[in-house]
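As structure tokens, the structure follows; a few thoughts come after it.
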Amino acid sequence: MRATRPWRLAVGLFSAAMLIAAAPAASQANFTPPYNTQCSGTLVFDFGTELQEPAASILINHFEGEEASPLACVGHPTEVAYTIGSSAEALGTLGSVGGVRNSAIKLASAEEPPTLSQWLSIDLGDKPLSNSGLIRQIPVAVAAVTPIVHFPTGCAIPAKEATGDGRFTVSNAQLEKVFAGEIATWGQLLPDIEASCAGIPIKRVVPAASEGATYVQKQWLNTINSSRGWLESSGLENTSWPNDSGATATVRATEGDFGEARLVSRTAGSIGFSSLAWARFFGFGNFSSETAEAPAKEFWLSVSNGSGQSVEPTRDPHSNIDGVLGANCDKPQFNITPSGYDTTATPIWRAVSAAGSKSGWPICTLLYNLAWDDAAPVYGNTSQAQGEQRTVKDYLAYTLGEQGQQKVREEDFSPLPAAFLADAKDGQSRVGWSKIPGAKEEQAKISTEIHQDQEHH
């Protein structure tokens with residue numbers, strides 16, 4: 001287990017113990033007619049990030065229309081609509097800022113787990129003892145974040161750094177300095193580059209808004225050079241980057257992970273990062289000389305994992321040639337596997353990381369859906385809210401089922417490792433409706449006690 005942020009983990013475990021004591025002993029749904037059967041729910045809005053959109057799209061399409069799956073809802077009014085925003089906005093719809101929620105959104109998708117204070121704000125709501133609830137953070141898949149490059153126009157990759165497939169090799173330490181703005185020109189990165197190209201600035205492309213991809217990228221950069229202070233706990237906010245002014249100022253991409261990959265593709269001489277799915281969509285996987293439509297020197301980079309092995313972000317190292325999709329995140333080495341108790345109702349996921357994994361790709365991250373354990377205390381015991389909660393439960397069941405996990409693989413993600421899948425299915429089974437008389441008051445009381453304990457420590 002890593003030693004980073006020990007106070008956060010300790011408080012998280014304490015919070016988990018308190019919540020378990022108040023949680024229902026069984027995973028009772030308690031839905032009432034006409035919402036007490038599978039696929040009897042109504043339209044629900046999921047607010048999520050650009051990074052998760054490719055996975056969410058295929059899951060929603062097959063959940064609503066795949067005949068082969070017993071967990072799909074073909075021919076029913078059960079629907080999920082995906083609305084896109086930043087990671088911070090996704091959490092904000094549930095009340096991460098002052099407990100103020102967007103009542104139209106009953107499900108959120110994010111890569112960056114809520115901080116302890118955000119988690120408490122979501123649970124308490126803006127009217128504690130009136131609209132407090134219990135949020136569940138449920139893992140649904142694993143994604144690879146990868147460095148992407150648009151090499152300067154008219155420049156050749158030096159022979160000493162060139163690879164056989166049209167890319168170049170650099171060390172993790174060099175990449176860390178690039179993202180820190182310390183290596184600022186192409187000549188500093190590739191000393192043997194032609195003289196006319198040596199002084200060309202490296203344009204660091206980063207997301208403009210607070211994004212989960214940035215959170216994951218900085219976790220990995222921190223494993224390379226922890227003295228840089230990459231983590232937010234060291235004071236570097238999600239949207240802040242070292243040396244971000246003058247000649248080394250970053251170039252900011254809007255529209256999240258999608259916009260990040262698009263802007264690197266449009267900006268010669270740039271380096272950025274994005275999910276594997278969007279990197280491939282914008283052609284960063286077409287770098288082989290065997291690929292006729294390969295763009296001019298645009299590619300993702302291989303990096304070294306925690307074992308010192310040079311690895312690709314793809315499950316199939318030759319996916320740029322044979323088209324076999326999937327991330328190299330099937331068996332990443334996570335620092336913590338939070339199993340053995342009601343994990344999805346706790347903030348412990350903030351401490352879970354696969355950054356620097358010794359197996360597979362070292363920049364893998366869990367993707368999460370955040371759903372209410374019981375939406376009745378949060379939004380009121382109404383027919384509309386119950387219909388939406390029923391769809392949330394059924395959609396999560398499909399996502400975590402065999403077909404759902406296979407679908408995410410087909411969109412350049414990875415299915416959940418077995419231990420995390422078990423946690424996720426346990427959390428999904430507990431999602432229900434109006435489960436415990438007095439639950440609203442009890443959940444608010446617990447959240448208040450946790451908050452007071454946090455302030456005390």
Side-chain angles (χ1 to χ4, degrees), residues 19 23-24 27-31 35 38-49 52 55-56 59-60 63 71 73 78-83 87 89-96 101-114 118-119 121-125 131-141 212 342-349 366-380 384-401 404 416 420-421 423-436 439-440 443 447:
L19 286 165
S27 53
Q28 296 299 319
N30 292 340
F31 288 96
Y35 306 116
Q38 181 182 331
C39 297
S40 59
T42 56
L43 172 66
V44 67
F45 286 92
D46 176 8
F47 194 104
T49 62
Q52 290 201 42
L59 286 168
I60 291 169
F63 169 64
L71 298 175
C73 292
T78 300
E79 296 178 3
V80 180
Y82 194 84
T83 303
S87 180
E89 289 172 333
L91 297 179
T93 64
L94 298 178
S96 64
R101 307 183 182 111
N102 181 340
S103 60
I105 306 298
K106 303 300 193 300
L107 183 67
S109 301
E111 305 81 60
E112 181 178 0
Q118 288 174 326
W119 183 77
S121 182
I122 291 170
D123 272 9
L124 284 169
N131 68 348
S132 300
L134 182 64
I135 199 67
R136 288 192 173 277
Q137 185 172 313
I138 299 175
V140 293
D342 189 9
T343 57
T344 61
T346 76
I348 196 172
W349 300 96
L366 291 169
L367 304 183
Y368 302 96
N369 281 175
L370 288 95
W372 294 102
D373 174 76
D374 181 355
V378 181
Y379 301 107
Q384 177 180 338
Q386 185 177 183
E388 293 167 333
Q389 182 76 345
R390 179 74 232 190
T391 297
V392 168
K393 184 177 184 68
D394 294 339
Y395 174 62
L396 286 170
Y398 174 79
T399 297
L400 300 173
L416 290 171
F420 293 97
L421 183 60
D423 280 343
K425 286 185 173 181
D426 176 70
Q428 181 277 334
S429 73
R430 296 172 186 266
V431 171
W433 182 258
S434 193
K435 296 197 293 186
I436 311 171
K440 183 192 319 182
Q443 290 169 1
S447 295

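Scope of the values below: all heavy atoms of this structure, side chains included, with no hydrogens, waters or symmetry mates.
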Whether the side chain of [X] engages the backbone of [Y] through a donor-acceptor N/O pair (distance < 3.5 Å, no angle test) should be reported.
X	Y	answer
Q428	K393	yes
R101	N131	yes
T399	G404	no

Given side chains that start at C-beta, do those of [X] and [Y] come closer than 4.5 Å, heavy atoms only?
X	Y	result
Y82	F47	no
E79	L43	yes
W349	P139	yes
W372	L107	no
L421	L400	yes
L134	D123	yes
C39	T78	yes
V431	Q389	yes

First locate atom [atom1] of [X], then atom [atom2] of [Y], and finally report the distance between them rounded to the nearest 0.5 Å.
X	Y	atom1	atom2	result
L396	L71	CG	CG	11.5 Å
T344	D373	OG1	CG	8.0 Å
L94	E89	CG	CD	12.5 Å

For a quick test of reading the model, state the closest non-hydrogen atom pair linking [X] to [Y] and the distance between them.
X	Y	answer
A108	A90	CB-O, 3.6 Å
Y395	I60	OH-CG1, 3.7 Å
S40	D394	N-OD2, 4.3 Å
T343	T346	O-OG1, 2.9 Å
L124	S132	O-OG, 2.7 Å
S87	G212	CB-N, 3.4 Å

Practice task
Just do the side-chain contact (heavy atoms from CB on, under 4.5 Å) check on T391 and V80 with the steps written out, would you?
Solution key: CA-CA 8 Å; T391 297; V80 180; 3.9 Å; yes
Handout entry: NZ/NE/NH1/NH2 to OD/OE distance under 4.0 Å, R430 and D342
Key =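 Counted as a salt bridge, because a side-chain N and a carboxylate O are separated by less than 4.0 Å.
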Problem - Side-chain ion pair, K435 and D374, N-O less than 4.0 Å - result: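 A salt bridge is absent here (no side-chain N lies under 4.0 Å from a carboxylate O).
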Exercise for the section: Check the side chains of S109 and N369 for a donor-acceptor pair under 3.5 angstrom, ignoring hydrogens and angles. Expected result: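 S109 and N369 do have a side-chain donor-acceptor pair below 3.5 Å.
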Exercise for the section: Indicate whether the side chain of E111 and that of T49 have a donor and an acceptor atom separated by less than 3.5 Å. Expected result: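 E111 vs T49: donor-acceptor pair found between side chains.
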Practice task
Give a yes/no verdict on a cation-pi contact between K106 and F45, requiring under 6.0 Å between NZ or CZ and the six-membered ring centre and an angle within 45° of the axis.
Solution key: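 Judged by the rule (NZ or CZ under 6.0 Å from the ring centre, within 45° of its axis), K106 is not positioned above F45.
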Practice task
Identify whether NZ of Lys or CZ of Arg in R390 sits under 6.0 Å from the centre of the six-membered ring of F31 and within 45° of that ring's axis.
Solution key: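 Ring-cation test returns yes.
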Problem - Step-by-step side-chain contact (heavy atoms from CB on, under 4.5 Å) determination, L91 to L370 - result: CA-CA 9 Å; L91 297 179; L370 288 95; 4.2 Å; yes
Practice task
Kindly assign one of parallel, tilted or perpendicular to the pair Y398 and F63, based on the angle between their ring planes and the thresholds 30° and 60°.
Solution key: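 The arrangement is tilted - the two ring planes meet at 30° to 60°.
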